[in-house]
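What follows is a single structure, written as structure tokens, with notes after it.
Below, all heavy atoms of this structure are taken into account, side chains as well, without hydrogens, waters or symmetry copies. Quick caveat: nothing in here was measured; it's all calculated off a predicted structure. Start at 1 and go down the list; that is how both ligands and their atoms are numbered. For this chain, numbers begin at 1 and follow the sequence in order.
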Amino acid sequence: MKRKDNEDDNTQKKKCKKEMISRVEMLERLINVRQDIVAQVDVFGTQQLYNSSMSLKTKDEITAAAMLRLHQLENGLTISSIRKLTISELDQLLIPVGFHKKKAHQILTIAKTLEESYDNDIPQTTLELYQQMQLPGIGPKVARLIMLVAWKKADGIIVDTHVHRISHRLGWTSKEAAKFAEASRRELEEWVPRQHWPQFSQALIGFGQSYCSSLHPKCSLCPLSDHCPYFCNT
Ligand code: SF4
């Protein structure tokens, strides 16, 4: 199998282009490619809250499987369907998500707050979601991601593990920035055109979930491989 992968990579590498394209052109290609991919990050609104609450210290595929189980609840995955569960029922649905007991508790607290204070919806600003509500497990980065998915609002570029890795592989950030997500964010915000901020993080996160994973990127199938420095120069 490994040998077959190597052969596929070698065939694909012959298509690597010598001429460079700009970062913005490459980004626009990626955004286009993402329009045909439905990734885990594309789940919307309150569902993203649950997804984000579960994803800490848990692999994407384990979080996705737990989300699927929650979607199979009677009436689907909604605030009220979560509210009907006991902690132990929710806990059973989350296993084997990391820290599932603690996360079951957090998710029920989130659902209760949204039901009682926000009429079964989520607030419309990062400030409310993060600072005022003090929801368990929701920091500023996750709050921005939820704003993005739920309301299409971007007040900065969100750099999660996927955005950090892919930006570096595509040569969009410096070697120094590769060490710290915050440094990547600063460099990206310097050149990514503002009109692309709303799509940027969601496009890269979904691309990481579908093609450019940490350990086994699908380079031989990747639609960006012809101009990817990580693939073409190794
Ligand atoms: S070619 Fe490989 S490393 Fe480059 S963007 Fe595609 S999946 Fe990622």
Side-chain angles (χ1 to χ4, degrees), residues 1-43 51-52 55 57-65 141 144-145 148-149 154 156-234:
M1 187 67 181
K2 195 160 183 137
R3 192 169 156 194
K4 171 86 174 66
D5 287 349
N6 287 342
E7 281 169 13
D8 289 347
D9 275 4
N10 288 337
T11 311
Q12 194 66 10
K13 273 188 185 171
K14 290 185 185 138
K15 297 180 186 161
C16 284
K17 303 273 193 313
K18 289 208 171 59
E19 68 277 13
M20 305 276 286
I21 61 171
S22 74
R23 294 179 293 193
V24 175
E25 273 178 279
M26 191 67 163
L27 169 60
E28 286 171 351
R29 272 182 68 183
L30 191 151
I31 289 171
N32 270 337
V33 163
R34 268 288 276 126
Q35 286 173 359
D36 297 325
I37 302 169
V38 178
Q40 198 187 325
V41 69
D42 303 325
V43 293
N51 188 70
S52 301
S55 61
K57 303 267 184 230
T58 303
K59 287 183 177 164
D60 281 345
E61 53 272 25
I62 291 179
T63 304
K141 186 173 71 184
R144 278 197 209 109
L145 179 61
L148 196 59
V149 177
I157 285 180
I158 302 151
V159 178
D160 81 333
T161 178
H162 294 291
V163 175
H164 190 51
R165 177 181 65 254
I166 296 168
S167 297
H168 187 59
R169 283 179 175 172
L170 290 175
W172 291 350
T173 50
S174 65
K175 265 191 190 153
E176 292 70 41
K179 292 179 199 146
F180 303 103
E182 184 54 20
S184 285
R185 185 186 63 77
R186 280 197 297 270
E187 288 192 5
L188 290 167
E189 286 182 359
E190 275 171 21
W191 69 266
V192 175
R194 271 211 171 237
Q195 80 262 24
H196 289 321
W197 285 18
Q199 305 108 302
F200 183 87
S201 304
Q202 197 170 342
L204 266 74
I205 294 169
F207 191 70
Q209 290 169 342
S210 46
Y211 281 99
C212 196
S213 63
S214 167
L215 294 180
H216 304 292
K218 298 174 186 157
C219 299
S220 59
L221 301 172
C222 175
L224 304 181
S225 62
D226 59 345
H227 277 105
C228 173
Y230 177 89
F231 177 64
C232 292
N233 301 334
T234 53

Shortest protein heavy-atom distance from [atom], along with the residue and atom involved:
atom: atom 8 (Fe) of ligand 1; value: C212 SG, 2.4 Å
atom: atom 3 (S) of ligand 1; value: Y230 CD2, 3.2 Å
atom: atom 4 (Fe) of ligand 1; value: C228 SG, 2.3 Å
atom: atom 2 (Fe) of ligand 1; value: C219 SG, 2.4 Å

Disulfide (SG to SG under 2.5 Å) for C232 and C16? Distances and angles first, verdict last.
CA-CA 6 Å; C232 292; C16 284; 2.1 Å; yes
Near atom 4 (Fe) of ligand 1, is there an N/O/S atom from C222 that is less than 2.8 Å away?
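So C222 does not bind atom 4 (Fe) of ligand 1 by this criterion.
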Measure the shortest side-chain to side-chain distance between L204 and L30 over non-hydrogen atoms and say whether it is less than 4.5 angstrom.
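Counting from C-beta outward, L204 and L30 do come under 4.5 Å.
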Is there a side-chain contact between R34 and I37 (heavy atoms, below 4.5 Å)?
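Side-chain contact under 4.5 Å: yes.
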Backbone N or O of K59 within a donor-acceptor pair of the T63 side chain at under 3.5 Å?
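Yes, T63 side chain to K59 backbone: donor-acceptor pair under 3.5 Å.
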Counting heavy atoms only, which of F231, Y211, F207 is nearest atom 5 (S) of ligand 1?
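Heavy atom nearest to atom 5 (S) of ligand 1 belongs to F207.
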With the threshold set at 4.0 Å, does a side-chain nitrogen-carboxylate oxygen contact exist between K15 and D226?
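Result for this pair is no, no salt bridge flagged.
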Does the pair R185/E189 count as a salt bridge with the N-to-O cut at 4.0 Å?
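Salt bridge between R185 and E189, a charged N being under 4.0 Å from a carboxylate O: yes.
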S225 heavy atoms, cut-off 4.0 Å: which ligand 1 atoms fall inside?
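Every atom of ligand 1 under 4.0 Å from some heavy atom of S225: 1 (S).
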